[in-house]
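Take a look at the structure below.
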Amino acid sequence: MVSAAFEDDQAISDARRLASSFLTDLQVEHGLAVSERVTGQVELVVSELATNARKYAPGPYLLVLEARDGAVEVTVWDSEPTLPVVAAADPHRVGQHGLEIVMAVCRSFEMHREPVGKRIKVAVALGVDWGTGVGRHIG
């Protein structure tokens, strides 16, 4: 598991680098197979969730990456208590497709209000079972 707190716009690229480093460590130090597909998906998910945290929440956000149950879990906590609304797919809408993309590539998606802010947790499968009907819990 790795975690870091981020505060500024540069932090989005720093968050992606942390994810890349974490995935490399999974392969090199722990012998887990991490495909290019998984690497791309985890970096995309981190980028989308970090971008949303920077755009919609005041203050810092926390990123946690963990390998568990055949997946890479990505958790982002920020200080904004309002849960995001995942819009219905609309190919004519410009922008605001980030959570649609995240849900499409993850095997699970959860949102929780916290005593301060909210926590979004997703899992990207290390194997081939990816993006087919994520479970979602809102609380």
Side-chain angles (χ1 to χ4, degrees):
M1 178 178 81
V2 297
S3 63
F6 300 99
E7 293 194 50
D8 56 30
D9 291 336
Q10 182 63 32
I12 296 167
S13 61
D14 293 341
R16 283 193 303 265
R17 277 192 290 282
L18 179 66
S20 178
S21 174
F22 174 73
L23 295 170
T24 298
D25 288 348
L26 285 181
Q27 295 179 87
V28 173
E29 295 181 19
H30 301 284
L32 291 175
V34 179
S35 69
E36 287 184 35
R37 174 193 58 81
V38 169
T39 298
Q41 289 175 344
V42 169
E43 290 175 351
L44 174 65
V45 165
V46 166
S47 182
E48 291 294 336
L49 295 179
T51 297
N52 285 353
R54 287 300 306 139
K55 186 173 182 179
Y56 298 111
Y61 66 92
L62 176 66
L63 170 65
V64 178
L65 298 157
E66 187 169 11
R68 180 187 304 237
D69 299 326
V72 174
E73 291 183 351
V74 178
T75 304
V76 173
W77 169 88
D78 66 47
S79 60
E80 174 55 53
T82 303
L83 298 177
V85 175
V86 181
D90 179 357
H92 302 293
R93 184 177 66 239
V94 176
Q96 297 187 352
H97 293 280
L99 288 180
E100 285 177 67
I101 294 167
V102 169
M103 291 178 71
V105 301
C106 292
R107 83 171 176 200
S108 65
F109 179 92
E110 302 173 10
M111 295 186 284
H112 301 276
R113 283 188 181 87
E114 296 293 333
V116 175
K118 69 179 165 299
R119 176 175 40 95
I120 297 177
K121 180 178 176 181
V122 303
V124 176
L126 286 168
V128 295
D129 64 331
W130 63 279
T132 53
V134 300
R136 180 166 67 159
H137 172 69
I138 302 173

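The residues of the chain are indexed from 1 along the displayed sequence. All heavy atoms count here, side chains included; hydrogens, waters and symmetry mates do not.
- Linking ILVMFWY residues whenever their side-chain heavy atoms come closer than 4.5 Å, directly or via other members, leaves Val116 and Leu83 in distinct clusters.
- The two residues Leu18 and Ser3 have their closest heavy-atom pair at CD2-C, 4.4 Å.
- Nearest heavy-atom pair, Ala125 versus Val38, reported as atom, atom and distance to 0.1 Å: O-CG2, 3.4 Å.
- To the nearest 0.5 Å, atoms CG (Leu23) and OG (Ser35) are separated by 9.5 Å.
- Connection of Leu62 to Val102 is not established within any shared hydrophobic cluster, with ILVMFWY side chains joined at heavy-atom distances below 4.5 Å, either directly or through further cluster members.
- Among Val105, Val72, Val34, the one residue that satisfies the side-chain contact (heavy atoms from CB on, under 4.5 Å) test with Val42 is Val72.
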Please evaluate residues Val74 and Val64 with respect to the criterion side chain to side chain contact (heavy atoms under 4.5 Å, CB included), reporting the C-alpha separation (whole Å), side-chain torsions for both, the decisive distance (0.1 Å), and the verdict. CA-CA 6 Å; Val74 178; Val64 178; over 6 Å; no

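- Here the shortest heavy-atom pairing between Ser79 and Gly59 reads OG-N, 4.4 Å.
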Run Arg17 and Ser13 through side chain to side chain contact (heavy atoms under 4.5 Å, CB included) and show every step you take. CA-CA 6 Å; Arg17 277 192 290 282; Ser13 61; 3.5 Å; yes

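- Put simply, Trp77 and Phe109 are part of two different groups of oily side chains (I, L, V, M, F, W, Y) that touch within less than 4.5 Å, one to the next.
- A distance of 15.5 Å separates NZ in Lys118 from CD in Glu110, rounded to the nearest 0.5 Å.
- When all heavy atoms of Ala11 and Phe6 are compared, the closest pair comes out as CB-CB, 3.1 Å.
- Thr75 has its side chain out of reach of Val122: every pair of non-hydrogen atoms, C-beta onward, lies at least 4.5 Å apart.
- Atoms CE and CD, on Met103 and Glu48 in that order, are 13.5 Å from each other to the nearest 0.5 Å.
- The line from CG of Asp78 to CZ of Arg119 is 12.0 Å long, rounded to the nearest 0.5 Å.
- In the hydrophobic clustering of this structure, Ile12 groups with Val124; members are Ile, Leu, Val, Met, Phe, Trp, Tyr whose side-chain heavy atoms approach within less than 4.5 Å, directly or through other members.
- Cluster annotation: Leu32 is connected to Phe22 through the hydrophobic network of ILVMFWY side chains, with a link wherever side-chain heavy atoms come within less than 4.5 Å.
- Under the 4.5 Å side-chain criterion, counting only non-hydrogen atoms from C-beta, Pro84 is in contact with Ile120.
- Residue Arg107 holds its CZ atom at 8.0 Å from CG of Leu126, rounded to the nearest 0.5 Å.
- Although no hydrogens or angles enter the test, the distance criterion places a donor-acceptor pair under 3.5 Å between the side chain of Thr24 and the main chain of Ser20.
- A distance of 10.5 Å separates OH of Tyr61 from CG of Asn52, quoted to the nearest 0.5 Å.
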